Amino acid sequence: MTNLRIGHGYDVHQLVEGRKLILGGVEIPWERGLLGHSDADVLTHAVMDALSGAARLGDIGRLFPDTDPAYAGISSMKLLAEVGRLLKEQGCAVVNIDATLLAQAPKVGPYRQKMAENMAAALDIDPEQVNIKATTEEGLGFTGEGTGMAAHAVVLLEKTA
């Protein structure tokens, strides 16, 4: 039996006026932000779902239900740190994280390193273990039309205990 586990995560949120745009724990200046119960950090949510899946913890809806007022407006970095704690409790170590943001705008290139550093800090791992990419969908679908953003993440965990 192998000690490696792969997880995939996906999340999507609508863009609306009157909300901050938080991606990978970075506040990005933009005229709209993502709608959600927490800070709606779509990128971090996809990563948390991938980690949770690989460790068989369920998903973030189970771990942090949007019906619980304790999570209203909470920073996704705090939630990611809790997922990291649960991973350690399960004897799982992050090998690497590869995440992709799907958004027509804004350009996030200048923020990707800080996003990786934020996620790494929350999980107590090296930033070199986190890769963040971004792509547009050439004007197609809800991300291409700019009405929402989505993210995918793939992670590799090693069961150490």
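Computed over heavy atoms, backbone and side chain alike; hydrogens, waters and symmetry mates excluded. Everything numeric in this text was worked out from a predicted model, so none of it was measured.
Using a 4.5 Å cut-off on side-chain heavy atoms (C-beta onward), Gln129 and Asp126 make contact. Considering only heavy atoms from C-beta on, Met115 comes within 4.5 Å of Ile28 through its side chain. Taking the side chain as every heavy atom from C-beta outward, Leu156 and Arg5 never approach each other to under 4.5 Å. The closest side-chain heavy-atom distance from Leu51 to Leu157 is below 4.5 Å. Side chains of Val47 and Val130 form no contact here, defined as non-hydrogen atoms less than 4.5 Å apart. Contact of the Thr147 side chain with the Leu15 side chain is not registered, since no non-hydrogen atoms from C-beta on lie closer than 4.5 Å. Two residues are said to be in side-chain contact when any heavy atoms from C-beta on lie closer than 4.5 Å; Met149 and Gln14 fail this criterion. When side chains are defined from C-beta on, Ser38 does not count as touching Phe64, because their heavy atoms never get closer than 4.5 Å.
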Would Leu21 and Arg32 count as a side-chain contact (heavy atoms from CB on, under 4.5 Å) here? Give the steps. CA-CA 7 Å; Leu21 179 58; Arg32 292 176 289 154; over 6 Å; no
Decide yes or no on side-chain contact (heavy atoms from CB on, under 4.5 Å) for Tyr71 and Leu79, but give the supporting numbers first. CA-CA 9 Å; Tyr71 303 120; Leu79 301 178; 3.8 Å; yes
As a quick check of understanding, evaluate salt bridge (charged side-chain N to carboxylate O under 4.0 Å, His left out) for Asp39 and Arg19, giving each step before the final call. CA-CA 9 Å; Asp39 63 6; Arg19 294 267 306 194; over 6 Å; no
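In plain terms, the two heavy atoms of Thr44 and Asp41 that are nearest each other are OG1-OD2, 2.9 Å. Heavy atoms only, all atoms of each residue included: Gly139 and Gln104 are closest at N-OE1, 3.1 Å. Heavy-atom minimum distance, Ala99 versus Leu43: CB-CD1, 3.9 Å. Closest of all the heavy-atom pairs between Met48 and Ser76 is SD-O, 4.1 Å. In terms of heavy atoms, Trp30 sits closest to Ala105 at CH2-CB, 3.5 Å. In terms of heavy atoms, Ala55 sits closest to Cys92 at CB-SG, 4.2 Å.
At a threshold of 4.5 Å between side-chain heavy atoms, the hydrophobic network of Ile, Leu, Val, Met, Phe, Trp and Tyr places Leu23 and Val83 in one connected group. One hydrophobic cluster, built from ILVMFWY side chains closer than 4.5 Å, holds both Val95 and Ile6. Under the 4.5 Å side-chain heavy-atom criterion for grouping Ile, Leu, Val, Met, Phe, Trp and Tyr, Met77 is connected to Ile74 within one hydrophobic cluster. Linking ILVMFWY residues whenever their side-chain heavy atoms come closer than 4.5 Å, directly or via other members, leaves Ile22 and Leu80 in distinct clusters. Hydrophobic clustering keeps Val154 apart from Val94 (ILVMFWY residues linked when any side-chain heavy atoms are closer than 4.5 Å, directly or through intermediates).
With a 6.0 Å radius and a threshold of 12 heavy atoms from other residues, nucleotides or ligands, Leu35 has its CG atom above the threshold. With a 6.0 Å radius and a threshold of 12 heavy atoms from other residues, nucleotides or ligands, Lys107 has its NZ atom at or below the threshold. Within 6.0 Å of CD on Glu31 lie more than 12 heavy atoms contributed by other residues, nucleotides or ligands.
Residue Lys159 holds its NZ atom at 5.0 Å from CD of Gln90, rounded to the nearest 0.5 Å. Rounding to the nearest 0.5 angstrom, the gap separating the CD1 atom in Ile60 from the OG atom in Ser52 is 7.5 Å. Between atom CE of residue Met119 and atom NZ of residue Lys114 there is a gap of 12.0 Å, rounded to the nearest 0.5 Å. Remark: Leu123 CG to Arg85 CZ distance equals 13.0 Å, nearest 0.5 Å. Thr143 OG1 to Leu102 CG: the interatomic distance, rounded to the nearest 0.5 Å, is 5.5 Å.
Ring-plane geometry between His152 and His8 is classed as tilted, the angle between the planes lying from 30 to 60 degrees on a 0 to 90 degree scale.
A salt bridge is absent between Lys78 and Glu82; no separation between the charged side-chain nitrogens and carboxylate oxygens falls under 4.0 Å.
Just one residue in the list Val108, Thr135, Thr136, Ile132 forms a side chain to side chain contact (heavy atoms under 4.5 Å, CB included) with Leu101, and that residue is Val108.
Judged purely by atom type and a 3.5 angstrom limit, Asn118 uses its side chain to pair as donor or acceptor with the backbone of Gly25.
In this model, a donor atom of one side chain and an acceptor atom of the other lie less than 3.5 Å apart for His45 and Asp11.
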